[in-house]
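To start, the structure itself, in C-alpha cells.
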Amino acid sequence: MALVKRSSGAAAVASGPIDDIFAALAKRPDVVSFAVGAPDPALLPGELVSALSRDVIGKYGSAVLQYGMTQGFGPLLDEARNLLRTRGIRCSPDSLHISTGGSGALHNVCLALLDPQDVVLVETPTYGPAVKEFRSHGATVVGVPSDDFGIVPEALEEALARYDAAFVYLLPTFQNPTGRTMPTPRREQIAQIVVGHDTLVIEDDVYADLRYRGVAPPALVSFAPDNSVYITSLSKTLAPALRVGITVMPPDLLRSVLALKQGIDMQTSTYCQAIAAEFLGSAAGAAHLARLVEVYSAKLDTLADAVERHFPPGFQWVAPDGGMFLWVEGPQGFDADALLGTALREGVAFLPGSAFYADDADHRNTMRLSFANVPGDDIDRGIAVLAALCEEAT
Ligand SMILES: Cc1ncc(COP(=O)(O)O)c(C=O)c1O
C-alpha cells in the first residue's frame, strides 16, 4: 500500500488505549460497561424527535432542508439565548453561535486561537478528547494542579506567570472525569486571575442541565464575560446524534470562527437545529429533561450505594451532584490500567483515570465510572464484580 504522508497534528494524536477499549466493547454487548459517557439508550427520545421532525417540516416547509447561516438557525439562536439566561449568562447577538456539537465548537475555536508550540493550560485530570484536540494543533498541554473543587487558584497564577498560555480550558460543573463542581468563590477567584492576566478561559459546560441536587453556581463566564468562551451542548439532554452545540464568545473571535467554519462544514445542519429549537421551546422537551434527571439521579444513588457496600477499604470517591461520572481513587500501588483486561474478561468495564491526564506522572490508581449508560438493574452486579477484582489487585 502506498505510504500516505501524515500531518504533524495526526501524528500527535495517534489512537490510544481508550480507542482500544471502545473497539473491544463494541464486540462485547454482555459487558456491564461503566466506560461510556453517553446517554442511556432507553432514554433517547425517538418518538419525541420523530414528532418534532414532523413539526419542523410543517412549520418551515422544505426550507429547513436548505443551507443556512453559518452563525446558526434564527429560532435556535433565540431558544439558545433563553436557555443561557436560565444559567445566568447574557449574550449579545454577535457573540452567540451554533456549532456541530460541543466538540465542533472546541475545534473551531482552537483553529482560530492556536498556533503550533502554543501552550494550553488544563486542570488535572481533564477531558481527554480536548487534550487530543489541542495537541492536533501542535499545542503543548500543561496540567495545572487541582483539588476537589477544581483548578487551584495559586497554581493557575503560577502557571500563567510561567507560560504565555493561549488559553485555559476548564470544566467547572460536573467535571468529566471527576464529577466535581467548582464552588462560586473559586469561580470568582479564577475569573479574576484570568482577567488579571488578560488571557482567555474556555468553559466546557455540557452537563449543566443534569443536576440531581443542590443549587447551580453561576457559570464561570458570568464572572469574566469578555475573557471567556462558553461551550454547551444538547448531546446529553436531547441526542448526541443531532450534533448541536451552543457557544458564546467575544464577537471578534466569533467573526474568525465563522470565517473558518465556512471552510470546515459551512454550517451546522439546519434540520437538526430546527428540531433542537422545538425541543428547547416545548413542554415535551422540559418533561424529557425532568425524566432524565429523575432516572440518572436514581442510577447515581444506586451506583454510590453499590460502591459504598462493595469496594474494599483504601478506595475513595465522592458522589457528584450531577453529570454522568463517579471518580474512584485506589490506594497507591493499585493499577487500574493493568486491571482493565481482567475486568473485561470478567464482564465489566471502566475507564482508567490515567487517560484523563495531560502529564506523564503516574495516575494509574484512578478510574472513571460512568453511570448514565448502564442499565439500572446491572449497576450493583457490575460493581460487585469490579470491587472484588480491585480487592484482589491490592
Ligand atoms: C466534557 C465534554 N465536553 C464535550 C463533549 C462533547 O460533546 P458533543 O457531543 O456536544 O460534541 C463531551 C462528550 O462526552 C464531554 O464530556
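Please read these numbers as outputs of a predicted model, since none were measured by experiment. Read the numbers this way: they start at 1 and go in the same order the structure lists the ligands and their atoms. Scope of the values below: all heavy atoms of this structure, side chains included, with no hydrogens, waters or symmetry mates.
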**Item:** Where Pro218 and Arg187 come nearest, the two heavy atoms and their spacing
**Value:** O-NH1, 3.1 Å
**Asked** Mind checking whether His137 and His107 have parallel, tilted or perpendicular rings, split at 30° and 60°?
**Response** tilted
**Message:** I'd like to know if the side chain of His197 pairs up with that of Glu157 as donor and acceptor (distance under 3.5 Å, no hydrogens or angles considered).
**Reply:** yes
**Request:** Could you please provide the protein residues found below 4.0 Å of ligand 1 on a heavy-atom basis, arranged by chain and number?
**Result:** Gly101, Gly102, Ser103, Tyr127, Leu171, Asn176, Asp204, Val206, Tyr207, Ser233, Ser235, Lys236, Arg243
**Message:** Under 3.5 Å, is there a donor on one side chain and an acceptor on the other for Asp204 and Tyr169?
**Reply:** yes
**Asked** Taking atom types as modelled, is there a side-chain donor on Arg87 or Thr232 under 3.5 Å from an acceptor on the other?
**Response** yes
**Item:** Pair Asp337-Ser354, side-chain donor/acceptor within less than 3.5 Å
**Value:** yes
